[in-house]
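Taking it in order: structure first as structure tokens, then the write-up.
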Amino acid sequence: MQYGVSYGDAKAIAMDVFKENFAKLSQNAHRLAIERADEFTVNYLAELHEREPQAVGNIEDPGVQSDILEAQAGFAKSGDQDLGEVLVDILVDRTARTDRTTATLALSAAVTTAQKLTGSQFAALSALFVFKQLRLVGATHHEQVYRRIAQCLTPLRDDMVRLSDSDVQYLAALGCITISMGSNPIHQILQTTYPGLFFEGIDISTAPQELSGTAETGPESVISKLKDTPAVARSLRDPTRFQIAAVNSEELDRLIEEAGLQEYESALQRALTARPVNGDTIIAELRTYSPPLGEIIDAYNAKSLSNCTNTAIGTAIAHANVRKATEGDFSAALEVWLS
């Protein structure tokens, strides 16, 4: 026995709505549109059953039906396979939601907006997402971060190097990004997100005997004093040096609590970010790790993407495109960024 909407019912509903709305096309155009819409619907329902099987019944929701039609129409008009994959991904996330939230509204807008973008524009949104919004949980070495960035972005290299200034302005006009005067360079984002992985290491041989609060000697003094506690470890980059034994501030908070080092909390938090690896060194390491990634960084900087930020719509599109670029290897839920 089966209750609710079956696969066959879902496909019939989706295709009936499409046929009613595209009936006015010429015979040949109508036939091609139906073929493309059918292909898209099959792919969409297969992905929906794999990722959000409990949401199949939502296809009867008027808002969801409207977005299905919009996505079908977008693929039917172009037949572009890359666009089709992105629209399928966005639509699956949209179908899983019937409440009126920022995520739902952003996904609905993304279905329409994605149809207006080129490969280079998709790549730009994805680069912003990976460099500025993606955070690798559980990383214990900077090369793990480099590997994840390369996995997500190197498939987009060809599109990224074709990015133009007008592409960036167009993305802003569509509401996919905002452009600000302030810049947030790639190396600075990595230093801020993973301070413990981009810490140059401290030589404690000349550290003060007493705790110091100065910027010049404070980190050396606290690391020297606590080097035999869980809060300090050998440097990841130079085993003759030392560093704070945490990747970020949240992890350090937990370590301080577990080790009972609350009286040194402020000094430890200051030390965590006090001696970052030089920014030029970080970019050079990224280039060495993946030469195509170096080309992506060049395009990113040349078009001043460090001054740009994805909006909710841009985030929804970028999330789907990164999933496509990694062939599903990137699987973090959109809720991490949009709720």
Side-chain angles (χ1 to χ4, degrees), residues 1-25 29-117 175-176 311-324 328 331-339:
M1 297 181 65
Q2 181 171 308
Y3 298 92
V5 179
S6 68
Y7 178 93
D9 291 338
K11 185 179 179 186
I13 292 169
M15 288 305 298
D16 285 347
V17 172
F18 179 82
K19 289 175 182 177
E20 288 176 10
N21 282 271
F22 270 64
K24 295 180 181 179
L25 294 177
H30 185 265
R31 175 186 54 78
L32 182 57
I34 293 298
E35 289 175 359
R36 287 174 174 175
D38 187 73
E39 176 190 345
F40 178 86
T41 304
V42 169
N43 292 338
Y44 156 61
L45 291 175
E47 189 76 8
L48 183 65
H49 275 265
E50 180 178 336
R51 282 172 44 198
E52 302 285 354
Q54 76 288 348
V56 174
N58 292 345
I59 288 177
E60 295 189 292
D61 178 82
V64 172
Q65 279 194 22
S66 176
D67 288 332
I68 292 173
L69 174 62
E70 180 65 34
Q72 287 173 317
F75 183 70
K77 286 183 282 188
S78 71
D80 185 281
Q81 294 298 322
D82 290 331
L83 173 62
E85 287 186 48
V86 173
L87 287 174
V88 162
D89 195 281
I90 294 170
L91 193 57
V92 168
D93 277 333
R94 168 66 183 94
T95 306
R97 300 164 170 81
T98 56
D99 50 345
R100 188 175 172 80
T101 64
T102 298
T104 303
L105 296 173
L107 286 163
S108 290
V111 168
T112 302
T113 304
Q115 301 171 42
K116 304 174 183 178
L117 302 182
C176 292
T311 64
I313 297 169
T315 297
I317 295 172
H319 179 271
N321 196 52
V322 171
R323 191 195 295 271
K324 178 183 79 69
S331 58
L334 184 61
E335 284 82 1
V336 174
W337 296 274
L338 295 177
S339 56

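Along the sequence shown, residues carry numbers from 1. Reckoned from all heavy atoms, side chains included, excluding hydrogens, waters and symmetry mates. Since the model is a prediction, treat every value here as computed from it, not as a measurement.
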Can you tell me how far CG of D80 sits from CD of E85, rounded to the nearest 0.5 angstrom? 9.5 Å
Of all heavy-atom pairs between W337 and A332, which one has the smallest distance, and what is that distance? CH2-CB, 3.7 Å
Please report the shortest heavy-atom distance between L48 and A55, naming the atom on each side. CD1-CB, 4.3 Å
At what distance, to the nearest 0.5 angstrom, does CZ of R31 lie from CZ of R36? 10.0 Å
Can you name the closest pair of heavy atoms from A316 and A110 and give their distance? CB-CB, 4.0 Å
If you look at every heavy atom in L87 and A71, which pair is closest and at what distance? CD1-O, 3.8 Å
L117 versus V86: any side-chain heavy-atom pair under 4.5 Å? no
Give the minimum heavy-atom separation between F40 and L91, together with the two atoms involved. CE2-CD2, 3.8 Å
Any donor-acceptor N/O pair, D61 side chain to G63 backbone, under 3.5 Å: yes
What I'd like to find out is whether the side chain of L338 reaches to under 4.5 Å of the side chain of L107, using heavy atoms alone. no
Reported CG-to-CD distance for the pair D93 and E47, which is rounded to 0.5 angstrom: 9.5 Å
Check the side chains of S108 and D67 for a donor-acceptor pair under 3.5 angstrom, ignoring hydrogens and angles. yes
Is it true that the side chains of T41 and Q72 contain a donor and an acceptor less than 3.5 Å apart? yes
Counting only N and O atoms by type, is there a donor-acceptor contact under 3.5 Å from the side chain of H319 to the main-chain atoms of D89? no
Rounded to the nearest 0.5 Å, what separation is found between the CZ atom of R323 and the CD1 atom of I90? 10.5 Å
Please tell me if the side chains of N43 and F75 come closer than 4.5 Å, counting only heavy atoms from C-beta onward. no
How close do I317 and A114 get, counting heavy atoms only, and between which atoms? CD1-N, 4.0 Å
State whether E52 and R97 are salt-bridged, where the test is any N-O pair (Lys NZ or Arg NE/NH1/NH2 against Asp/Glu carboxylate O) under 4.0 Å. no
Is the side chain of S66 donor-acceptor paired with the backbone N or O of P62 at a distance under 3.5 Å, no angle test? no
